[in-house]
Number of protein chains: 2
Amino acid sequence: MSNYSAMQNTFSNSFKALSNPNRLALFSRLMNCCAPGTKCDATIAVRFCVGDLGEGLNIAPSTLSHHLKELNRAGLVEMERKGKNVECWVEPEKLKALSSFFQPD
Amino acid sequence: MSNYSAMQNTFSNSFKALSNPNRLALFSRLMNCCAPGTKCDATIAVRFCVGDLGEGLNIAPSTLSHHLKELNRAGLVEMERKGKNVECWVEPEKLKALSSFFQPD
DNA sequence: ACTACAATTCGAAACATGTCGAATTATAGT
DNA sequence: ACTATAATTCGACATGTTTCGAATTGTAGT
């Protein structure tokens with residue numbers, strides 16, 4: 001347990017997911033709730049459907065879908081189908097984990 | 001100023017630098033001071049010469065050099081020649097900036 | 001000057017990533 | 001059943017990344 005290099009691997013996968021500017025933009029929208037037409041409330045996980053998330057990013061739907069899948073695989077973004085749409089959000093715990101990675105003990 | 005997408009770009013470059021497991025290991029050593037034969041003192045930026053940093057990572061010196069250069073270009077690691085060696089360290093400010101990226105306002 | 005050690009640059013090979021358009025699946029409403 | 005909208009999968013192509021060994025540069029000591 002507490003396998004050092006396994007944890008390192010998890011984090012490097014997270015950072016890989018955030019290393020692409022488009023993916024980081026998607027993640028930031030979910031994280032900051034500063035996206036078009038959204039009220040800001042940091043206590044509740046913000047939800048977007050896939051299409052709205054990609055708004056203004058100028059990427060093809062297939063590319064958007066691919067990026068969200070990567071974020072989901074890295075464990076950074078949750079996804080759930082809701083009718084015709086698929087809703088996406090970030091769990092606050094994930095933010096805490098990432099934030100504390102950079103805080104020396 | 002306070003150009004949103006420029007800041008996003010800086011961060012995606014940082015995360016790209018940390019997306020490689022070997023580079024993340026190098027960065028972690030400088031950050032955590034948990035490396036072989038080092039006393040732990042979080043108040044002072046820890047310094048390693050390039051060779052010692054790569055200890056146990058099983059990568060060629062040329063690869064090690066390349067990775068450190070990437071970390072340096074991303075602005076995450078500082079480097080300074082000191083005689084035969086080149087010393088590397090992480091500025092505590094960088095850690096603070098990265099950590100607070102994940103903290104919603 | 002010569003030697004030894006530390007680190008970097010260069011070129012090449014194998015592999016991974018970002019992107020698209022076309023085709024497909026999922027769901028809801030008519 | 002049919003149609004429209006949302007999202008995904010697939011195959012392809014161009015570009016980037018990781019890694020190495022060989023050659024090179026920088027520095028200190030003999």
Side-chain angles (χ1 to χ4, degrees), chain A residues 5 8-30 35-37 47-89, chain B residues 5 8-30 35-37 47-89:
Chain A
S5 61
Q8 292 266 94
N9 247 1
T10 305
F11 277 108
S12 75
N13 280 330
S14 294
F15 297 139
K16 186 184 324 209
L18 299 176
S19 71
N20 176 273
N22 284 325
R23 279 198 300 269
L24 186 61
L26 295 168
F27 184 78
S28 294
R29 285 191 177 176
L30 290 174
R47 290 185 175 217
F48 275 87
C49 71
V50 172
D52 290 355
L53 253 184
E55 194 69 28
L57 247 55
N58 276 347
I59 52 177
S62 55
T63 305
L64 175 59
S65 189
H66 170 246
H67 282 323
L68 255 349
K69 193 172 163 187
E70 292 290 301
L71 286 165
N72 179 249
R73 274 211 231 144
L76 296 177
V77 166
E78 315 299 313
M79 304 176 79
E80 189 178 9
R81 175 137 245 163
K82 218 85 194 237
K84 260 193 302 191
N85 300 316
V86 170
E87 290 190 339
C88 308
W89 71 97
Chain B
S5 60
Q8 292 266 96
N9 248 1
T10 306
F11 277 109
S12 76
N13 281 328
S14 294
F15 298 139
K16 185 183 326 207
L18 299 175
S19 72
N20 176 274
N22 284 324
R23 278 197 301 266
L24 186 61
L26 295 168
F27 184 79
S28 294
R29 284 193 177 174
L30 290 174
R47 291 186 175 217
F48 275 87
C49 71
V50 171
D52 290 356
L53 254 183
E55 194 69 28
L57 247 52
N58 276 347
I59 52 177
S62 55
T63 306
L64 175 60
S65 189
H66 170 247
H67 282 323
L68 255 349
K69 194 173 161 187
E70 292 290 302
L71 286 165
N72 179 250
R73 274 211 232 146
L76 295 176
V77 166
E78 315 298 314
M79 305 177 77
E80 189 177 10
R81 177 137 242 163
K82 216 85 192 233
K84 259 195 300 192
N85 300 316
V86 170
E87 291 190 337
C88 309
W89 71 97

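Reminder, nothing fancy here: chain letters follow the sequence lines and each chain counts from 1.
Glu70(A) has its CD atom 11 Å from the P atom of dT9(D), to the nearest Å. The nearest whole Å value for the distance from the CZ atom in Phe48(A) to the C1' atom in dA6(D) is 17 Å. Atom CZ in Arg81(B) sits about 7 Å away from atom P in dT8(C), given to the nearest Å. Rounded to whole Å, the distance from NZ on Lys84(B) to C1' on dT30(D) is 12 Å. Between Met79(B) atom CE and dG26(D) atom C1' there is a gap of 14 Å when expressed in whole angstrom units. Between Leu57(A) atom CG and dG18(C) atom C1' the separation is 13 Å, expressed in whole Å. Atom NE2 in His66(B) sits roughly 17 Å away from atom C1' in dA22(D) (whole-Å rounding). Taking atom NZ of residue Lys69(A) and atom P of nucleotide dT19(C), one finds them 16 Å apart after rounding to whole Å.
The nucleotide whose nearest atom lies closest to any side-chain atom of Cys49(B) is, among dA22(C), dT18(D), dA7(C), dA7(C).
Residue-level contact check: His67(A) touches the backbone only, with heavy atoms under 4.0 Å from sugar-phosphate atoms and none from bases. At the heavy-atom level, Ile59(B) lies under 4.0 Å from the strands shown only through sugar-phosphate atoms. Using a 4.0 Å heavy-atom distance criterion, Leu64(B) is classed as making no nucleic acid contact. Nucleic acid contact class of Lys82(B) (heavy atoms, under 4.0 Å, all strands): none.
A sub-4.0 Å separation between OP1 or OP2 of dT27(D) and a side-chain N or O of Asn85(B) is absent. Applying the 4.0 Å criterion to OP1 and OP2 of dT17(C), one finds that Asn20(A) has every side-chain N and O outside that range. For Asn58(A), no side-chain nitrogen or oxygen approaches OP1 or OP2 of dT19(C) to under 4.0 Å.
Summarising the geometry, atom CG belonging to Leu71(A) is positioned 6.0 Å from atom CG belonging to Leu76(A); distances are rounded to the nearest 0.5 Å. With values rounded to the nearest 0.5 angstrom, Leu24(B) atom CG is found 11.5 Å from His67(B) atom NE2.
Counting distance only, with no hydrogens placed and no angle test, the side-chain atoms of Thr63(A) and the base atoms of dG18(C) include no donor-acceptor pair under 3.5 Å.
Positionally, the nearest nucleotide of DNA chain D for Leu68(A) lies more toward the 5' end than for the other of Leu68(A) and Asn22(B).
Within the 3.5 Å criterion, the main-chain N or O of Ser62(A) finds no donor-acceptor partner in the side chain of Ser65(A). For Asn20(B) (side chain) and Asn22(B) (main-chain N/O), a donor-acceptor pair under 3.5 Å exists by modelled atom type.
When each of Leu68(B), Leu18(B), Leu53(B) is tested with Phe27(B) by the rule side chain to side chain contact (heavy atoms under 4.5 Å, CB included), just one qualifies, namely Leu18(B).
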